[in-house]
Amino acid sequence: MNAVVQPKRLSNAHVREMYQLIAHGQEKSRVAVVDPFTGVAWTLGKGSEKHAAIDHQTLGAFASVLFAPDHVSENKRKQVQELCAGLGRISMIAIPMKDRDLFIGRLPNTSRALILVISHTNNIVSSDTIVRARAIRARMGAPKKGDSAAANQQTTRSYSIWKSLVQAVSSRFSKAGSTHVVSSGILSTALSFDHHVLASELFDLETGQHLDQYHHENFPKATVVDSRAASAALIDLFNGNLDVNAVLKCIGFADADVGKVQVQIGDLDFYWLRVPYFPTLSLPFDRDWALLLYKEPRANPALDWAAIDHAGLNLLRLRISLMLEGGLKTTVEPFPETQVEFQRILDELALLDHNDLTTRLQVGGFLREPKEIAGVMQRCQECIYYLPHRKWCDLPELPVPVEPNWWCRLWKV
Ligand code: SF4
């Protein structure tokens with residue numbers, strides 16, 4: 001296994017998570033921790049003999065293009081383009097978001113690009129990346145032995161949702177007798193059977209034409225606002241520019257929180273997670289990192305997402321710990337004595353922006369150690385909201401990774 005490069009600036013926690021990722025990923029995986037702002041990268045993993053390791057500068061440029069588009073120089077863009085040209089075609093980009101997923105991909109053997117906006121099948125998906133990963137797994141995974149009939153039906157229905165939808169659209173072309181003829185309404189015919197598809201757009205990358213669009217009756221409007229700009233951004237993207245943010249701007253997702261991105265280039269899958277993704281935190285004392293797992297694809301990409309999410313949550317837990325250790329003042333008192341007082345704190349938490357971790361910790365009254373109240377030593381481990389396997393607080397207003405030895409004033413038994 002390669003040695004970690006430039007270990008001085010990387011914390012032990014990052015290194016540990018990198019090793020964990022290699023352990024949970026597949027043998028031939030590679031991982032990296034990258035600073036998207038400076039482009040500095042640290043890598044680990046043997047990888048496959050088929051593909052040489054990608055150099056640090058190129059990984060840094062890749063992260064900058066995705067997560068820090070305002071810090072991308074021409075030189076970085078060129079490096080990313082050369083990477084794509086060397087690996088082969090970009091076939092798909094998936095961006096899981098808070099309540100919907102965005103897929104941008106090429107239809108096989110055509111010059112067409114398909115955009116799909118798909119809702120999560122599981123409404124409890126919010127800011128918890130593990131829950132989200134499970135939802136993605138449920139939608140993309142094959143049914144398992146022992147699943148209930150209903151669950152089987154659900155997973156069967158949604159098996160490889162992206163691939164089946166691509167197939168559905170592609171087959172309309174072959175039925176029309178030509179891969180070049182597109183009739184308006186083709187997306188509606190191919191996709192309207194699936195109420196999880198909220199919107200879709202079809203472009204031709206060769207001619208730059210916007211061929212068709214579809215949106216579900218419950219989705220406010222078709223995504224593309226400026227079709228000419230969208231088409232230009234897509235052509236650029238698939239030419240290896242990888243400027244995902246430029247495409248998002250043109251399809252009505254300018255404010256999208258891009259924290260997770262999966263890119264398939266040639267026969268490699270790149271799983272990017274901006275750390276931590278809650279879905280997004282920008283804490284002033286530390287700049288965001290991006291965690292990368294790259295490898296040859298496996299049948300169920302949700303397993304790779306689960307591994308990288310797990311590492312991201314561990315790093316987020318560490319970051320919370322550092323905030324508390326660094327002197328973040330939290331409202332430890334008054335401890336709620338009645339349900340009315342308890343509810344009052346919940347109401348205050350519920351008003352917070354879901355990205356606002358700092359205030360959440362302050363209002364919750366977090367401590368990095370147990371607290372004795374009325375002769376009872378209280379800590380997360382004994383609290384009814386504590387999920388031991390995930391080391392997670394399950395109080396809906398307080399969804400954060402915690403340590404068993406921590407405490408907050410919403411402690412309950
Ligand atoms: S409610 Fe507070 S004490 Fe209970 S698990 Fe959550 S953070 Fe820990």
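Computed from a predicted structure; not experimentally measured.
Partners of Arg77 according to the salt bridge (Lys or Arg N to Asp or Glu O under 4.0 Å) rule, which considers only residues two or more places apart in sequence or in another chain, are Asp243. Shown here are the side-chain contact (heavy atoms from CB on, under 4.5 Å) partners of Asp55, two or more places apart in sequence or in another chain: Gln57, Thr58. Shown here are the side-chain hydrogen bond (donor to acceptor under 3.5 Å, both in side chains) partners of Gln79, two or more places apart in sequence or in another chain: there are none. Considering only residues two or more places apart in sequence or on other chains, Lys329 meets the side-chain hydrogen bond (donor to acceptor under 3.5 Å, both in side chains) condition with none of them. Pro69 meets the side-chain contact (heavy atoms from CB on, under 4.5 Å) test with Asn245; sequence neighbours excluded. Taking Glu403 as the reference, Lys391 meet the side-chain hydrogen bond (donor to acceptor under 3.5 Å, both in side chains) condition, with sequence neighbours excluded.
In this structure, the separation between CD1 on Ile90 and CG on Asn239 is 8.5 Å, given to the nearest 0.5 Å.
At least one donor-acceptor pair under 3.5 Å links the side chain of Ser64 to the backbone N or O of Gly60. Side chain of Thr330 to main chain of Val332: no donor-acceptor pair is present (N/O by atom type, distance under 3.5 Å, no hydrogens or angles).
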Output, in order, the C-alpha distance, side-chain angles, deciding distance and verdict of ring pair (Phe, Tyr, Trp, His ring centres under 6.0 Å) for Phe37 and Phe67. CA-CA 8 Å; Phe37 297 94; Phe67 301 121; 9.7 Å; no
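With ring centers used as reference points, Trp411 lies 6.0 Å or more from Tyr385.
In this structure, Trp406 and Phe366 have perpendicular ring planes: the angle between them is above 60°, well past the 30° mark.
Between Gly312 and Leu291, the shortest heavy-atom distance links the atoms N-CD2, 4.2 Å.
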